[in-house]
Amino acid sequence: MTSARIIQEEPATRPVGRALLLPGIRYDVGRHGLFWPVQALLAHGWQVTRAEWGEQDWEGDRAGLVTDTVARLAAAGPESPRTIVLAKSVGSLALPWAAGHGLSGIWLTPLLQDPAVRDALRTGPRSLLVGGTADEAWQPDDDGRRRHEVVEIAGMDHGMFVGPGWRDTFAAMTTILTAIDAFLDRIGDGS
């Protein structure tokens, strides 16, 4: 079982649902690629139940760790008739769990080379996939592009940076956050 810490963040308004957040291995909510999406969720009225894990958590079965952690998040989070998943990188190993529970997600730089992740995308509900052309893990296929909403950023790497300066990365985050806002609106968040 994982030793991941579970943290709850509440929106300023009445909650419309809950989001289960799985960060990357060395990519927590302090990083720009997760900080701003969490702010978007909170602004839309979603409660965020998130995991924080350390390096020691990654010894052994990564998919098992992620599945155990997302199940813990679901059990620890407040009851809600609506749940989505927000995951970065290795957090996308929760896709089979989410698909099995009929949950949509916002999958940032998902590990699309993983067969279980690809299979889950074929069966899971419509989700938002975000990646960049400079990320080796970003390998969306035609089926994924048809079934899901896809935001592909030219030149964005796995850390969600574009180029050496801040301007292109800032522009990419604006595009990503606009897509997240629209996705949350489409799934009926009540904002």
Peer 1: Is there a donor-acceptor contact under 3.5 Å from the side chain of Ser92 to the main chain of Lys88?
Peer 2: no
Peer 1: Between Asp141 and Arg122, does the salt bridge (Lys or Arg N to Asp or Glu O under 4.0 Å) criterion hold? Intermediate values first, please.
Peer 2: CA-CA 10 Å; Asp141 59 18; Arg122 289 186 187 98; 3.5 Å; yes
Peer 1: So that I can tick it off, tell me whether Asp142 and Arg147 are bridged by a salt bridge, with the cut-off set at under 4.0 angstrom between side-chain N and carboxylate O.
Peer 2: no
Peer 1: If we check side-chain contact (heavy atoms from CB on, under 4.5 Å) with Pro37, which of these qualifies: Leu42, Leu177, Val48?
Peer 2: Leu177
Peer 1: Give me each pair satisfying salt bridge (charged side-chain N to carboxylate O under 4.0 Å, His left out) with a member in residues 26-38, each pair once, sequence neighbours excluded.
Peer 2: Arg26-Glu55
Peer 1: I need the minimum non-hydrogen distance between Pro110 and Val130, along with the two atoms involved.
Peer 2: CD-O, 3.4 Å
Peer 1: Is any side-chain N of the basic residue among Arg18 and Glu79 closer than 4.0 Å to the acidic one's carboxylate O?
Peer 2: no
Peer 1: Is there a donor-acceptor pair under 3.5 Å between the side chain of His44 and the backbone N or O of Asp185?
Peer 2: no
Peer 1: Answer yes if the side chains of Gln47 and Glu10 hold a donor-acceptor pair under 3.5 Å, and no otherwise.
Peer 2: yes
Peer 1: Are a donor atom and an acceptor atom from the side chains of Thr169 and His32 found within less than 3.5 Å of each other?
Peer 2: no
Peer 1: Please name all residues satisfying side chain to side chain donor-acceptor pair (under 3.5 Å) with Glu9, sequence neighbours left out, ordered by chain then number.
Peer 2: Arg50
Peer 1: Does Trp53 reach the main-chain N or O of Gly24 with its side chain, forming a donor-acceptor pair under 3.5 Å?
Peer 2: yes
